[in-house]
Structure formats: structure tokens, C-alpha cells
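These notes concern the structure reproduced below.
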Amino acid sequence: MALNAKKITHVCLDADDTLWQNEPYFRRTEREFYALLKHKLTEREAEDKLFQTEMANLDTFGYGVKSFTLSMIQTALDVLPADESAPAIRKILDLGKNLLSEPVVLLPGVKETLEKLAPNYHLAVITKGDLLAQERKLEESGLLPLFGRVEIVSKKDTSVYRSIFRAWNVNPENILMVGNSLKSDVLPATEAGAQGVWIPCEDNWKHEETEEPENPPYTKINALTDLLTVLL
């Protein structure tokens with residue numbers, strides 16, 4: 001679906017894996033976690049067990065590194081005997097702390113693209129996850145001065161987007177939501193009335209995977225830099 005670029009006044013962007021690298025850090029940490037369980041489970045079994053635990057914990061712990069760390073701890077307690085769980089939990093806590101301190105690596109062309117968009121549009125971030133972790137990444141990214149609004153929410157669904165748009169007092173058709181996740185960035189935003197741009201990511205979390213609709217209500221591009229061609 002082609003954008004109605006003339007109507008767009010606000011460009012909203014997801015953060016993790018749209019502005020900067022994120023999922024590769026999680027995949028590496030998962031591999032290190034699976035190694036702790038390798039004498040009890042195969043890597044595939046450990047992956048399935050951890051994912052099941054994460055899904056069961058989402059409503060309680062939400063999204064982000066801290067939730068992920070708690071789910072790794074619970075999985076280890078479920079799998080390992082008592083005499084092995086304590087040293088494993090110490091290692092898992094170190095993995096979680098390391099994940100929280102990973103450097104913020106901007107994806108190619110992000111800063112330059114936002115700087116070109118900023119004179120023409122109101123820029124905003126709408127992201128989910130742990131408040132402190134997302135605030136740190138935004139601060140360290142160097143992008144914060146470019147954004148007029150930052151929304152860090154516990155989840156991203158249609159009702160959340162509608163609430164944000166109402167609070168901004170902006171007509172949703174004047175808003176463009178850009179992100180790497182169809183499930184949480186693009187489809188619920190378009191259902192709330194916004195326009196959408198999807199930038200597929202090679203390394204998505206399984207929970208964020210969803211099938212593309214036959215008649216997509218969004219525009220698909222290869223990289224954030226392509227947004228300039230679409231809008232300007």
C-alpha cells in the first residue's frame with residue numbers, strides 16, 4: 001500500500017533493531033545460556049523450554065532484559081538439580097548484566113536519515129521494554145535531541161497506539177509508524193489509523209514473527225535510509 005506522504009506530519013520510530021542493533025546480543029546470550037544446560041537438554045530443547053517460560057512470564061514481567069534474565073533463571077531452576085542451580089544462576093545474572101551494558105550501535109545511515117527528516121517532520125520514538133534500559137540506550141545513541149516525543153510502553157498493541165495518538169491530539173492519518181516488527185510496530189499502528197512502514201529484520205525474536213497479510217496496509221522498505229525516498 002502506497003503512503004499518502006502529503007498527509008504525514010509525524011514520523012514515529014521503533015527503537016531496538018530499527019534504530020540500533022539489539023537482537024544479535026540476545027541471540028549470543030541465549031547460546032551462552034544453552035551451554036549451561038547442555039548436559040541436560042539439547043540446544044533445541046533448551047530454546048523451546050526458555051521460549052515457553054518467556055511466554056508464560058510476559059504478563060507478569062513484561063518485555064526487556066530483566067524479564068529475559070528472570071526467565072533464564074526460572075528455566076535453569078526447572079532443569080538443573082539443586083546442587084547445580086546456584087552457580088548457574090550466578091552466571092545467568094552476569095549474562096543479564098552484560099546484556100544491559102552492551103554498546104549502542106546505530107544501524108547504517110540512521111543518524112543521517114533522521115537529521116534529514118527532522119526539519120520537515122515531528123520525530124518520535126515509540127518503543128516497548130524496560131524503562132531504564134531504553135532510556136540509557138536513547139541517551140547513549142546520541143539521537144535523543146532529534147526526537148520531540150519519546151514513549152516507552154509495556155506493550156505495543158492497537159489500544160496503546162490509539163491512546164498515544166489521542167494524547168498527542170494528532171489525527172492518526174497524519175502519523176507514520178516505522179519499525180522492524182510487523183506484529184508490534186506496524187500492524188497495530190495501522191489498525192489504530194496510522195500509516196506504516198515495515199523494515200524487515202534478519203534476526204527477529206520468535207515472539208515477534210507473524211505472516212505478511214495478502215493486502216498489506218503498509219509500505220515495505222529495505223533500510224531506514226529508504227525512508228527518504230518514500231517521504232522527501
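This chain uses plain numbering: 1 for the first residue, then up along the sequence. None of the values given here were measured: they were computed from a predicted structure.
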Looking at [Y], is its backbone amide N or carbonyl O close enough to the side chain of [X] to form a donor-acceptor pair, meaning the two atoms are under 3.5 Å apart?
X    : Y    : value
T190 : L187 : yes
E173 : Q195 : no
S85  : A82  : yes
D48  : E45  : no
N57  : T60  : no
Y25  : P103 : yes

4.5 Å side-chain heavy-atom contact, [X] and [Y]:
X    : Y   : value
L231 : V11 : yes
F26  : E23 : yes
P81  : K40 : yes
T127 : L19 : no
N98  : T29 : no

**Request:** Could you check whether the rings of F51 and H207 sit parallel, tilted or perpendicular, using 30° and 60° as the cut-offs?
**Result:** tilted
**Prompt:** What are the two closest heavy atoms between A192 and P172, and how far apart are they?
**Reply:**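 Taking every non-hydrogen atom into account, O-CB, 3.5 Å.
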**Message:** Looking at every non-hydrogen atom in both residues, tell me the closest pair between K49 and L41 and how far apart they are.
**Reply:**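 Between these two residues, the closest heavy atoms are CB-CD1, 4.5 Å.
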**Message:** Which residue is it: T18, D17, D16? I am looking for the one with a side-chain hydrogen bond (donor to acceptor under 3.5 Å, both in side chains) to N180.
**Reply:**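 Single side-chain hydrogen bond (donor to acceptor under 3.5 Å, both in side chains) partner of N180 among T18, D17, D16: T18.
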**Request:** From the options R28, Q21, K137, select the one residue that forms a side-chain hydrogen bond (donor to acceptor under 3.5 Å, both in side chains) with E102.
**Result:** R28
Atom [atom1] of [X] with >12 non-hydrogen neighbours under 6.0 angstrom:
X    : atom1 : result
K183 : NZ    : yes
R44  : CZ    : no
E211 : CD    : no
D83  : CG    : yes

**Request:** Check the pair E212, K220 against salt bridge (Lys or Arg N to Asp or Glu O under 4.0 Å), reporting the backbone distance first and the verdict last.
**Result:** CA-CA 11 Å; E212 293 187 59; K220 182 178 178 179; 3.4 Å; yes
**Message:** Working note: E32 + L36, criterion side-chain contact (heavy atoms from CB on, under 4.5 Å); need CA distance, chi angles, decisive distance, verdict.
**Reply:** CA-CA 7 Å; E32 294 181 69; L36 297 175; over 6 Å; no
In the single-linkage hydrophobic clustering (I, L, V, M, F, W, Y; side-chain heavy atoms under 4.5 Å), do [X] and [Y] co-cluster?
X    : Y    : result
V65  : I152 : no
V150 : Y161 : no
L132 : L143 : no
V104 : L100 : no
W168 : I8   : no

**Item:** Working for salt bridge (Lys or Arg N to Asp or Glu O under 4.0 Å), residues E30 and K206
**Value:** CA-CA 13 Å; E30 285 171 345; K206 190 192 302 186; over 6 Å; no
**Apart from L70 itself, residues in the same hydrophobic cluster as defined by side-chain heavy atoms under 4.5 Å** =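 Once heavy-atom contacts under 4.5 Å are chained together, L70 belongs with F61.
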**Prompt:** Can you tell me how far the OG1 atom of T225 sits from the CD atom of E112, to the nearest 0.5 Å?
**Reply:**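 One gets 9.5 Å once the value is rounded to the nearest 0.5 Å.
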**Item:** Approximate separation, where rounding is to 0.5 Å, of L114 CG and S141 OG
**Value:** 9.0 Å
**Prompt:** salt bridge (Lys or Arg N to Asp or Glu O under 4.0 Å): which pairs involve residues 60-72, sequence neighbours left out?
**Reply:** K66-D130
**Prompt:** Side chains of T53 and Q74: donor-acceptor distance under 3.5 Å anywhere?
**Reply:**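 Distance-only check fails for T53 and Q74.
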**Stepwise side-chain contact (heavy atoms from CB on, under 4.5 Å) test for H39 and L80** = CA-CA 9 Å; H39 61 297; L80 298 175; 3.9 Å; yes
**Request:** Decide side-chain contact (heavy atoms from CB on, under 4.5 Å) for T75 and I92; before the verdict, give the C-alpha distance in whole Å, the side-chain angles of both, and the deciding distance to 0.1 Å.
**Result:** CA-CA 11 Å; T75 302; I92 291 167; over 6 Å; no
**Request:** State plainly whether the residues K111 and E115 are in salt-bridge range, i.e. N to O under 4.0 Å.
**Result:** yes
